[in-house]
Amino acid sequence: MREQPKTRQGREKELEADDPLALVMTPVSGGDLQLMATCLIEEFARMGLKEAEILALFRQPIYQTHALYRAWGEGRVRELVRQVLARTGRTCVSVTVLPHSGGDDA
Amino acid sequence: MPRVYNWQLGREMLYPYQERHPRRQFAFVFNINRCIGCQTCTMACKSTWTFARGQEYMWWNNVESKPYGGYPQFWDQKLLALLERANPGGQVWNLRRQDGERSPYGVFEGKTIFEAISEEQNEEGETFQETSGRVLGYLPSDQEWEAPNIYEDTPRRPENHRHLPWGGVGESLPAHQTWFFHLQRICNHCTYPGCLAACPRQAIYKRQEDGVVLIDQERCRGYRKCVEGCPYKKSMYRGTTRTSEKCIACYPRLEGRDSVITPDGVPIETRCMAACVGKIRMQGLVKIARDGAWAPDPENPIYYMVKEEKVALPLYPQFGTEPNGYYIPPRWVPLDYLTQMFGPEAERAVEAYVCPSRRMLALLQLFRVSQRIIFGFKLVEGKKIAESEATLLNGKKKTLEIFNDTVIGYDSKGREIVQLTVEEPVFERSPEHYNSI
Ligand code: SF4
Ligand code: SF4
């Protein structure tokens, strides 16, 4: 029979507070995820985004909002987007940018 | 040590140099509420200024997800802890002493990074003033700089990526179940820079024409005192040149001297501003009076948001550097957290944003419509066209009036850049909600 190592190795070791690469987070109390999602949807609606565009910001895994999508599922997020849009509408603006002799580089 | 006036603190404070002010100051407003954390700004800066050898870990622009992210890791918690240790329980604001432009946020009665230094002791029991320190700070470790967005990614494989071969093993790890917001950070080109104060070589200077803070690469010897002394950790050391480097506010664009981008010579916003996908950024130059106050200029969008509407607030004003970056605080975040980060006016700023005045609502439309810096804006009033609803901090709803207003932006030469007209809001009702207004 192979002898068991005497000390724990690699990832099996206990968390050490001074290890800068240990997985940690800073819990901060308070906050309301439903309110956060509502506010975010209102913001995007004020910018003129449509239902599908807002939903995409939750559906795409690269955005932090995806955490809500994963936790709640598509149905609940879509429903919330619809409810908010029905209340607020989405603001539309027409824009006229006047000609500029320069380039269009960003 | 000389005494200088810091209007964000509402009082005089100690600073190693006499007060002197530029004619104009580079300043910006970031609307945190609309940032999607796409990092386009970060990459725009990286691909312009920090793509060379020795700059690999440098992100002059970074976007971190609060409350758990930070670059370098824990930079703000560490600074706050140092200040608290130097002045336990004393880092407080006195709101009864609010007095117009001189102290719009009340008076900060705690200690700044320049003042706390006399209390803080090294391991030998000497105060920093007896040694070489001029600013309370710390030098982040290499690991803290290493991974700008560590802990901000989900540890789980997304549901809609089941086809991917990787990711099956992370599913048992906990995912963050907390509120968050993205904090966009660049150098604040502070009025009283910590980096400049800390430099023993006087290699750091603030330009007369625009208040941009630069490191003279000829004078710099890489002592890294600026890295230690900048509370926002926006001065960074480059091993290959053995000098420190920092954001230069894209000054060739700011000066309007880039003949390709701006042949008509008008100032252009920085790369990170111009690239912002979420349209959250607006940058400008504000006029500075001889005494360091902002000269009244209500047509200037930055002046209007910071001084008139007070909708945008400085980041950690209690550090004492009088930063020139301002933030519209996120409207869903617990108030005590916002107050610590943006000062005691955070609640009022959120209210001013959620239910904006007519002029403010119009100005919000001007974010990111042009890369030319908007020096003035004007509102042409139209008819009321609709009502909308906004959710307040406490979750209650408030009615917002929408007007068919037109907002016009002007460049540095007073020429019109852009016109925007608010049209009737569109309500697309799904079958379940067709009758819900
Ligand atoms: S943010 Fe830091 S690097 Fe920038 S001017 Fe202020 S103290 Fe200096
Ligand atoms: S480009 Fe704009 S929206 Fe994207 S991360 Fe940067 S500040 Fe946020």
Side-chain angles (χ1 to χ4, degrees), chain A residues 20-21 23-40 42-48 50-51 57 59-67 69-71 73-74 78-79 82-98 100-106, chain B residues 33-34 36-37 44 65 67-68 73 77 141 143-144 151 154 156 158-161 175-180 182 260-264 274-275 279 331-334 337 365 369-372 386 388-391 395 402 416-423 425-430 432-433 436-437:
Chain A
L21 295 182
L23 187 64
V24 290
M25 68 180 278
T26 315
V28 182
S29 57
D32 175 346
L33 297 187
Q34 180 81 11
L35 175 71
M36 175 169 87
T38 306
C39 291
L40 284 166
E42 272 180 23
E43 289 295 323
F44 301 138
R46 273 195 201 174
M47 292 176 77
K50 297 181 186 150
E51 180 187 313
L57 287 168
R59 198 185 268 151
Q60 293 287 335
I62 58 163
Y63 298 122
Q64 206 87 46
T65 33
H66 186 68
Y69 180 94
R70 230 180 23 248
E74 172 150 337
R78 185 189 290 277
E79 173 62 19
R82 285 184 177 169
Q83 276 174 15
V84 174
L85 279 177
R87 255 192 320 104
T88 66
R90 56 188 173 85
T91 312
C92 287
V93 292
S94 62
V95 185
T96 317
V97 181
L98 296 148
H100 166 46
S101 49
D104 285 328
D105 155 78
Chain B
N33 293 278
R34 293 188 180 172
I36 53 174
S65 300
Y68 37 85
Q73 235 178 300
Q77 288 104 313
S141 67
Q143 288 97 328
E144 286 167 351
Y151 311 132
T154 162
R156 293 186 188 211
E159 279 300 305
N160 52 350
H161 278 207
H176 300 307
Q177 281 295 330
T178 183
W179 52 270
F180 68 87
H182 302 297
V260 178
I261 304 169
T262 175
D264 47 1
K279 302 188 180 183
R331 43 192 276 212
W332 56 84
V333 168
Y337 191 90
Q365 314 299 332
V369 285
S370 166
Q371 60 173 334
R372 282 169 276 177
S388 180
E389 257 185 20
T391 305
I402 309 271
E416 216 171 291
I417 305 174
V418 66
Q419 279 204 17
L420 278 107
T421 304
V422 178
E423 293 174 348
V426 178
F427 289 89
E428 283 159 20
R429 308 228 174 93
S430 55
E432 308 92 286
H433 301 295
S436 56
I437 278 205

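Basis for what follows: all heavy atoms, side chains included, without hydrogens, waters or symmetry-related copies. Letters A, B, ... mirror the listed sequences (proteins, then strands); counts begin at 1.
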**Asked** Mind checking whether A:Thr65 and B:Phe180 have side chains closer than 4.5 Å, heavy atoms only?
**Response** yes
Minimum heavy-atom separation for [X] and [Y], please, with both atom names.
{"X": "B:Val422", "Y": "A:Thr91", "value": "CG1-CG2, 4.1 Å"}
{"X": "A:Thr88", "Y": "B:Ser388", "value": "O-OG, 2.9 Å"}
{"X": "A:Gly31", "Y": "B:Trp179", "value": "CA-CD1, 3.5 Å"}
{"X": "B:Pro334", "Y": "A:Gly30", "value": "CG-C, 3.8 Å"}

**Complete:** Looking only at B:Gln419, B:Arg331, B:Gln365, the option with the highest number of non-hydrogen pairs under 4.5 Å against chain A is B:Arg331
**Item:** By salt bridge (charged side-chain N to carboxylate O under 4.0 Å, His left out) - contacts of B:Glu389 (at least two apart)
**Value:** A:Arg87
**Request:** Would you please name every residue forming a salt bridge (charged side-chain N to carboxylate O under 4.0 Å, His left out) with B:Arg34, sequence neighbours left out?
**Result:** A:Glu43
**Message:** If we ignore hydrogens and angles and just use 3.5 Å, is the side chain of A:Gln64 paired with the main-chain N or O of B:Gly37 as donor and acceptor?
**Reply:** no
**Request:** With side-chain contact (heavy atoms from CB on, under 4.5 Å) as the test, would you mind laying out the steps for A:Thr38 and B:Trp332 before giving the verdict?
**Result:** CA-CA 9 Å; A:Thr38 306; B:Trp332 56 84; over 6 Å; no
**Message:** Using heavy-atom distances under 4.5 Å, tell me whether A:Ser94 contacts chain B through its side chain, its backbone, both, or neither.
**Reply:** both
